[in-house]
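Below is one structure, written out as structure tokens; the observations come after it.
Below, chains carry the letters A, B, ... as their sequence lines are ordered, and counting in each starts from 1.
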Amino acid sequence: MSEVKVRLRNVVKEFPARRGDKPVRAVDNISLDIYDGEFFAMLGPSGCGKTTTLRMIAGFEQPSSGEILIDGEPMQGVPAYHRPVNTVFQDYALFPHMTIFQNVMFGLEMARVDKKEARDRAMSALEMVRLPHIAQRKPRELSGGQQQRVALARALVKQPSVLLLDEPLGALDLKLRREMQLELKTMQQELGITFVFVTHDQEEAMTMANRIAVMDGGHVLQVGRSDEIYETPANRFVADFIGETNFLSGQLVAHSNKSGTVRLDNETLIQALLSHQDVVDSGEVVVAIRPERIMLRAYDEVIESTDNLNIINGQVRQVYYIGTDTRYIVRIGNDIDLTVRVQNTEYQKSLAFREMQTVKVLWDTTNARILTD
Amino acid sequence: MANSVINRSTLALERAGIRRRYPATTGIGKTGFWFISLAGYFFLWAPIVLLVVFSFNDARTVNSWHGFTFKWYENILTGAAGGEASFATDLMLSSLGNSLFVGFAATFISTLLGTMVALSLARGNYPGKRYIEGLLLLPVIIPEITQGVSLAMFFKIVFDFIEQSSGTRALPGFGTIIIGHVVFNISYVAVVVRARLADMNPRLEEAANDLGANGWQTFWRITFPLMIPGILAGALLAFTLSLDDFVVTFFLSGIGTTTLPVFVYGLLKVSVTPDINAISTLMLIISTVLIGISLLLQNRSLGRS
Ligand SMILES: Nc1ncnc2c1ncn2[C@@H]1O[C@H](COP(=O)(O)OP(=O)(O)OP(=O)(O)O)[C@@H](O)[C@H]1O
Ligand SMILES: [Mg+2]
């Protein structure tokens, strides 16, 4: 990829203690590189420090320690109004006493852009978000989706080198949200501006972002493309947070460089890939397998065994038909249930399993990963 | 005018977020409360209703009804327009002029200072802020009589000191009255403006910052315009309180500075006349309207989505 646009080096943010409480470490030693022109998502559950990180990049909060660089320049002591970034706030924060046009003009006036040029730029920003006809309205006369777009136009008209977006679609209904996701993505690609996008919706992050940072408790747990994060989660939290996963706990009894053998709590032995060399040192591990990577076959079907194939016996406990897929809950041992998702193709429909039927449960070793608990 | 003290303190306490809460009550309890509040309202409003009714009484006496008339109002209005009116009415009108002068001056100064106090409390971050905030409510809580006496003493000491050091004797007058009014009005203005600031979405100022506005530009383009309804509400409240004030004014007035409430009080010692009823009714209407606008401004929704 190209040059680093935003760099965070060991950034810590600690909020002073409120009465009777301990100080809050909202951001705990984060290091990140965000590249020029990239759509970068920060994903994590509520309270994991996403907003705080964004606010430090914008300049509304100062890091307790560590360093933030934009375009290679240290941002220490640079006030928000001198930083080459603009923000789209979660509640949009449109100025209620100004018209939409005045809202969009505000940033240009502050930059002392020539009056005529400013007007042209403001108008074309409103055209870009397809709202030129509401220029003379006040923010309270707009729907949530329209306000969202005005907030976007107001920030983009400044032609920032980085745009920060804090859950900008959080307040929209699902349909509008999907639409805006596509629109934002297209806009970002056309303008080539670096987007730093905060969300707690994993699907949103996966559809939109080039790279995702998964955060929890003030830490960045993993940074990578969506497929990397989905296929090779770094730990149990990431595997659990992104998509659906089966977790089987057990003990690592043997291992090679890349894979290992795990004895499940019911004595079954299974093969899986090592996510990390470190897991070798911890006896207790979990094996993560995605529900759609597991296959079911009739108990009496003869299956050619290969090195990479895990085959165990199970019993179908529950069957849910959900349109595109069928979801099976399969018991593979005392109290160990696996969720299995099977696409409803013609072939699979011909197999359709019933409740209480005994089956063979199969998966490829490369689809199972050993993680530390 | 008599209820101004009650008015003032309940209003301010509500503004300051101090509201009384009653526990949920049973049916009997509810009826009881209903009856008590009915009785309360009767005692509160009956004298005022009488006053308004008798301001339309076609007689000099105020204890029996002699038919409907507008003449007391006409008398006041002709006098106000510069026409022929009774001597008493002329005096009353000049005291109204004094009241308006004191009201405008005290409102202007206290709005300016009160707004600055509110800003410093809402945005500043300095040691002891909480105590200063507590002190701010003091004039709301201290009885007016205490304020009057203490201010009178204060000015006496200051004037004595001036006389000793410069040889000239300063006298109480408009200056002392205005200062006295400013002293209690600052609190009311500050409390109202502070409430407005506390309700303001802090993201708005950050957004302005983000778009390139420095602190000064952010204040004048965003914060101040959004504060205006609060400032106006505070000013109207201050003006009403100033117009109504009797106790503090009484302690601080000098020669030729009689305000309307003080004048009316003087007349009362002689007898209650329909003129007084009429002018009091007018004051009642003006105060109610001003307080109404003030409350309306305070409750107008802010820039929150
Ligand atoms: N000004 C503050 N003072 C004290 N604690 C704060 C402050 N701002 C945030 N925190 C705390 O820091 C932690 C992280 O907050 P942050 O707003 O960054 O989370 P988030 O990831 O954006 O969550 P959400 O998805 O709910 O918006 C939380 O525990 C929060 O309570
Ligand atoms: Mg947040």
Side-chain angles (χ1 to χ4, degrees), chain A residues 16 19 51 54-55 57-61 78-98 102-113 122 138-140 142-144 146-148 150-151 153-160 162-166 170-171, chain B residues 17 115 118-119 122-134 192-193 195-235 296-305:
Chain A
R19 238 182 308 170
T51 298
L54 211 65
R55 288 171 58 79
I57 300 174
F60 305 138
E61 306 277 3
V78 179
Y81 53 89
H82 280 151
R83 298 194 182 192
V85 300
N86 286 111
T87 308
V88 176
F89 292 84
Q90 177 163 14
D91 59 1
Y92 316 134
L94 299 180
F95 306 131
H97 58 301
M98 298 184 190
Q102 288 167 335
N103 263 277
V104 179
M105 286 285 281
F106 186 84
L108 299 173
E109 280 168 30
M110 292 303 119
R112 298 183 196 287
V113 175
K138 288 283 185 70
R140 65 170 171 278
L142 267 52
S143 71
Q146 289 173 325
Q147 291 188 27
Q148 205 281 325
V150 173
R154 184 178 70 174
L156 284 175
V157 78
K158 297 271 291 180
Q159 300 170 344
V162 181
L163 188 70
L164 309 174
L165 304 101
D166 191 357
Chain B
T115 300
L119 268 171
R123 294 290 185 265
N125 200 0
Y126 41 84
K129 199 177 98 167
R130 287 193 23 216
Y131 302 99
I132 294 181
E133 212 166 348
V192 170
V193 176
R196 177 88 188 172
L197 278 167
D199 273 358
M200 208 148 97
N201 181 356
R203 299 289 158 267
L204 293 175
E205 286 172 355
E206 281 174 1
N209 247 242
D210 187 69
L211 292 166
N214 61 29
W216 193 247
Q217 290 166 319
T218 302
F219 178 76
W220 287 113
R221 294 290 305 268
I222 309 296
T223 319
F224 185 69
L226 292 174
M227 278 167 74
I228 287 177
I231 296 174
L232 279 180
L296 219 67
L297 284 168
Q298 287 173 57
N299 289 337
R300 253 199 6 202
S301 74
L302 282 160
R304 286 179 179 277
S305 44

Spacing of CG belonging to A:Leu94 relative to CG belonging to B:Asn201, to within rounding of 0.5 Å: 10.5 Å

With a 4.5 angstrom heavy-atom cut-off, could you sort out which part of B:Gln217 is near chain A: side chain, backbone, both or neither? side chain

Go through A:Glu109, A:His97, A:Arg83, A:Gln90 and name the one with the most non-hydrogen pairs under 4.5 angstrom from chain B.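 Top option by heavy-atom pairs under 4.5 Å: A:His97.
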
Is the shortest side-chain heavy-atom distance between A:Phe95 and B:Arg221 below 4.5 Å? no

Got B:Ile222 and A:Met98 here, is their nearest side-chain heavy-atom distance under 4.5 Å?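 When only atoms from C-beta onward are counted, A:Met98 and B:Ile222 do touch, with a gap below 4.5 Å.
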
Grab the two heavy atoms, one from A:Pro96 and one from B:Leu226, that are nearest each other, plus how far apart they are.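 Of all heavy-atom pairs spanning A:Pro96 and B:Leu226, the closest is CG-CD2, 3.7 Å.
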
Considering non-hydrogen atoms only, spot the tightest contact between A:Arg154 and B:Ala207 and give its length.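 Closest approach of A:Arg154 to B:Ala207: NH2-CB, 3.6 Å.
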
So, A:His82 side chain and B:Asn214 main chain: donor-acceptor pair closer than 3.5 Å or not?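 No: the side chain of A:His82 does not pair with the backbone of B:Asn214.
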
Any donor-acceptor pair under 3.5 Å linking the side chain of A:Asn86 with the backbone of B:Asp210? yes

Evaluate whether atom OH of B:Tyr126 has more than 12 neighbouring non-hydrogen atoms of other residues, nucleotides or ligands under 6.0 angstrom away. yes

Would you mind telling me which of B:Pro225, B:Gly215, B:Ala208 has the largest number of heavy-atom pairs within less than 4.5 Å of chain A? B:Ala208

